[in-house]
Structure formats: structure tokens, C-alpha cells
Amino acid sequence: MYFQKKRCIAMLLAGGQGSRLKVLTENTAKPAVPFGGKYRIIDFPLSNCVNSGIDTVGILTQYQPLELNEYIGNGQPWGLNKAHSRAQVLPPYERHDKKSGWYKGTANAIYQNIDFIERYSPDYVVILSGDHIYKMDYAAMVAYHEKNNASCTIAVRTVPLKEASRFGILNTNPDNTIYEFEEKPKVPKSTNASMGIYVFNWEVLRAALIADEEDENSSNDFGKNIIPNLLNQGHKMMAYNFDGYWKDVGTIDSLWEANMELLGKEPEFDIRGDERAKIYARNNALPSSYIDENAKTVNCFIAEGSEIYGSVTHSIISIGCTVGKGAVVEDSVVMPGVTIEPGAIVRHAILGENSRVGRNAVVGGAFGPKDKKKISVTSKGAVVEANTVLAPGEML
């Protein structure tokens, strides 16, 4: 079978369990978690690839892959199903050399798919994470990498010093060359945080992956092993500064915050934005949303296929939801297919897909000075029985 040579392809790491999202990822891979009313988290890096002219994407799945595999399908929603473009799902598989099985780390996941990458003989490989919300032109980053004749380029952004220990931290020279990389240091030397977005020269990365796999003491991880080893070998590595919106939605709080940041006349993250940076998604054709004449909607997003009879304020109502008469929804994220029955109250909550809040039930409550981040959460298909209470911070 003939595969056209590519200047650049992308490898998208989408196999994470997402345990910090708790009940939302009990039966769903984190990249498949709904976001923004009509999207999934993975839509953002996939759309960024398409908008950046990268037409070949390997998607590495592992945890709870069924829903994610079905969602990606043949890549049609993102235009990745044409003659010389593709979105290829790459689960772990048995190899002849027995160096296979469950992906042991981010580097091992790419190592196990060297054969897939070699089909396209790329000059550059972009490594991406499947659980971040942002818009980015990867083509500009690849051009920067090429211009600086680097072996590896890492996208970075400035973070508050108090948060820096959660990230891989880059210490750079004035010309943005990297001289030190520390993975989640206790005492960070800078606030230049890795975004987990890398551009590699393929030949350099290939050799590094093979050497890493042969090291029995390696964690098989980009941040812990591949990047420090390349630095120690004297490879030129560059920091690519990114100052746009970017959010790691790996926790309940950050997922809720990112959804809330879509709202308002001038949202912190404008999901509508430039047509050249459109976010594509797989969506079934649904009728327009219906808002009853007695309903109240203020500063909210209501996706198609939803019916609103109650009051919705500062909230995301996803596709195919129902908010019953007399129900109140405030400061909440309501995922696809949710039913909120008449008289129910939902405040400061995330309601998982196809869950139901019974008549006159209460989910969450107003924020107080000590419980500011107590978000109530229901899992996929959960039922809050009529006349019951799910208190702030509780999960079902």
C-alpha cells in the first residue's frame, strides 16, 4: 500500500484515564468528555491540526476506548478522511518482538507506533495531548522550529509561580534556547511551563525513543526521560512562547471553569472566533432549541435539540437537554441528553451525559467563602431522585 511522504504528521496522546475528573471518566476516556455544549475535548487538538494544515493524525487510545473510537470514526467531521489525509486510531497491539502491550508511558506509546510514523517518512512529528482546551496554529510552531534548526521545540506559556510545580519547567537563555528542563520541580527556577506540545525532527525522536525503550530504568515519559536526555546529549532545543488561551481540563474545577469562560459578550475564550480557527465536531442533526415563552435565559449557551421551560442563568446547556417548568439552573454545565425535571434546582454543578434530576430535587448550592470550589457532579446516566438533595461538592 502506498503512503505519501509527509513534511509533518501529528501524534495525539488520547489514552489517559483522567482519574482527577472522577465520576465523569468512570466510563469515558478524558478526551471524549463533552465540553462547551456540543464538543468533546479531543475536538480542539484535532481541529487545530486541520486548521494548521496537518492532515495525518495518529490518535493513541487506551483507557475506555470504545466511545472515543466511535466518535473519531474515519475522521470525516474534521476532513481527515480524504485520499491523502487520515485520522488513525492506534490502540496498543501485540508485536512480533513482544515489546508491546499496554502503553507504559507517553514515550512508549509513540515508540510502539514507530511503524505507523515511518509509513509517511516525515521530516517533523508534532506530539499533542488530547485533554487541553485551546486554539493554536501548529504550522507556525513548526516553521519556528525549522527556522531555528532545532532538534526539538516545546510550546511554553507563563504560569503563576505558585502553580509552576505542577508543570514541566523550562529554563531558557535570552534567545529562547533551552538549557534545563525540570519535570514538576518542588522549587521552580522559572515560570516557563511546558504545554505538552512538542515538535521533533523525526530522525532525532526515533533514535531517542529506541534508546529510551532499551533503558530498563526509564519511565518511558517525554518530560522525565526523552527531553532531559536530548538536552544532556547537546541537542538544540527551543521554547516556543504561546500567549493565547490554554487550559488543562484535567480536574473538576478546571473543567467547570473552562466551560464558564465561554460565556458572556466578551468571553475569556471565544469559541466562535475566527472562521480560520473553527472547531469541528461530530454532531447528529438535531432540531433547533426551543425556549418557551415563559422561560428565562440569561448569559447562557443553549445547544440545538434542547427544550427550555424553566430558568437558565450563566450556564452551558448541551445538545438534547430538557429543563422543565419551574426548574432553575445557575452557574452549571449540563452535558448532552440531560433531563432536569420541573421544580428542580441545579447550582454550581456539572451534570454528566444522560443523567436526570428528579422533580423538585436540589443539586449543589450557592458558593460561600469556604466552599468556593465545591462543584456538585453527577456521572453519566445518574439519577438524582425527586425531592432529594445532592449537596455542594458531592458526587453521584
Side-chain angles (χ1 to χ4, degrees), residues 1-15 42 45-46 48-50 52-62 65 68-69 72-75 78-130 138-139 141-143 145-146 149-154 196-215 218-223 225-227 229-230 233 235-237:
M1 188 174 182
Y2 172 72
F3 294 93
Q4 184 182 36
K5 174 178 169 54
K6 302 286 185 179
R7 177 171 175 268
C8 178
I9 71 169
M11 298 293 281
L12 177 52
L13 297 162
I42 198 170
L46 276 177
N48 288 339
C49 285
V50 173
S52 303
I54 298 175
D55 62 7
T56 301
V57 185
I59 303 164
L60 288 71
T61 61
Q62 182 159 274
L68 190 57
N69 293 352
I72 294 167
N74 67 352
W78 306 274
L80 294 172
N81 64 329
K82 299 181 174 62
H84 295 293
S85 65
R86 68 188 308 188
Q88 179 70 53
V89 174
L90 299 169
Y93 67 97
E94 188 71 30
R95 290 163 50 102
H96 65 86
D97 59 7
K98 304 302 180 183
K99 290 186 177 181
S100 58
W102 227 224
Y103 293 144
K104 296 180 291 182
T106 53
N108 175 257
I110 303 298
Y111 169 83
Q112 289 200 40
N113 289 284
I114 284 178
D115 290 347
F116 171 80
I117 299 172
E118 290 279 61
R119 288 177 167 186
Y120 302 97
S121 187
D123 299 314
Y124 309 111
V125 176
V126 180
I127 308 294
L128 303 168
S129 173
Y138 303 139
M141 183 175 173
V142 172
H145 172 87
E146 189 173 39
N149 195 29
S151 293
C152 172
T153 297
I154 303 174
I197 301 169
Y198 314 116
V199 177
F200 285 97
N201 291 350
W202 170 232
E203 290 305 318
V204 171
L205 177 58
R206 186 179 187 279
L209 291 171
I210 293 172
D212 179 72
E213 190 64 23
E214 293 173 351
D215 181 359
S218 176
S219 299
N220 305 122
D221 184 82
F222 276 96
N225 307 110
I226 298 294
I227 293 170
N229 289 343
L230 289 178
Q233 293 166 17
H235 284 275
K236 185 178 183 181
M237 306 183 74

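What you see is a predicted model; the values in this text were computed from it and never measured.
D212 has its side chain out of reach of D221: every pair of non-hydrogen atoms, C-beta onward, lies at least 4.5 Å apart. Put simply, the side chain of I226 does not reach to within 4.5 Å of the side chain of Y198, judged on heavy atoms. Taking 4.5 Å as the limit, every side-chain heavy atom of C152 sits out of range of all side-chain heavy atoms of V204.
Taking CG from L13 and CG from L90, the interatomic distance works out to 10.5 Å, rounded to the nearest 0.5 Å. Between atom SG of residue C49 and atom CG of residue L128 there is a gap of 5.0 Å, rounded to the nearest 0.5 Å. Between the OH atom of Y103 and the CG atom of N108 there is a distance of 8.5 Å, given to the nearest 0.5 Å. The CD1 atom of I210 sits 4.5 Å away from the CD1 atom of I114 when rounded to the nearest 0.5 Å. Taken from CZ in R86 to CZ in F116, the straight-line distance is 5.5 Å, to the nearest 0.5 Å. If you take CZ on F200 and CD1 on I127, they are separated by 6.5 Å, rounding to the nearest 0.5 Å.
Residue N149 comes nearest to K236 through the heavy atom pair O-CD, 3.8 Å, listed as atom of the first residue, atom of the second, then distance. Among all heavy-atom pairs drawn from L209 and A107, the shortest one is CD2-O, 3.4 Å. In plain terms, the two heavy atoms of N74 and N81 that are nearest each other are O-CB, 3.3 Å. For the residue pair A139 and S52, the shortest heavy atom distance occurs at CB-O, 3.4 Å. Nearest heavy atoms, L68 versus A14: CD2-O, 3.6 Å. Between G130 and P45, the shortest heavy-atom contact is CA-CG, 4.2 Å.
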### Task
Please step through side chain to side chain contact (heavy atoms under 4.5 Å, CB included) for the pair E118 and R206, ending with a clear verdict.
CA-CA 9 Å; E118 290 279 61; R206 186 179 187 279; 2.8 Å; yes
#### Entry: Pair M141-I197, side chain to side chain contact (heavy atoms under 4.5 Å, CB included): steps then yes or no
CA-CA 10 Å; M141 183 175 173; I197 301 169; 3.9 Å; yes
### Message
Run W202 and Y120 through side chain to side chain contact (heavy atoms under 4.5 Å, CB included) and show every step you take.
### Response
CA-CA 11 Å; W202 170 232; Y120 302 97; over 6 Å; no
### Task
Begin from the C-alpha positions of E146 and D123 and carry the test side chain to side chain contact (heavy atoms under 4.5 Å, CB included) through to its verdict.
CA-CA 10 Å; E146 189 173 39; D123 299 314; over 6 Å; no
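Legend: residues meeting side-chain contact (heavy atoms from CB on, under 4.5 Å) with P65, ordered by chain and number and at least two apart, are T61, N69. Looking at residues two or more places apart in sequence or on another chain, you find no side-chain hydrogen bond (donor to acceptor under 3.5 Å, both in side chains) involving Q62. Shown here are the ring pair (Phe, Tyr, Trp, His ring centres under 6.0 Å) partners of Y124, two or more places apart in sequence or in another chain: H145.
Looking only at atom types and distance, the side chain of N201 has no donor-acceptor partner in the side chain of S151 under 3.5 Å away. If you check the side chains of N225 and N220, you find no donor sitting under 3.5 Å from an acceptor. With 3.5 Å as the limit, one finds no donor-acceptor pair spanning the side chains of N229 and Q233.
Remark: the backbone N or O of V199 is not paired with any side-chain donor or acceptor of T153 at under 3.5 angstrom. Remark: the backbone N or O of P122 is not paired with any side-chain donor or acceptor of K6 at under 3.5 angstrom. Within the 3.5 Å criterion, the main-chain N or O of A109 finds a donor-acceptor partner in the side chain of N113.
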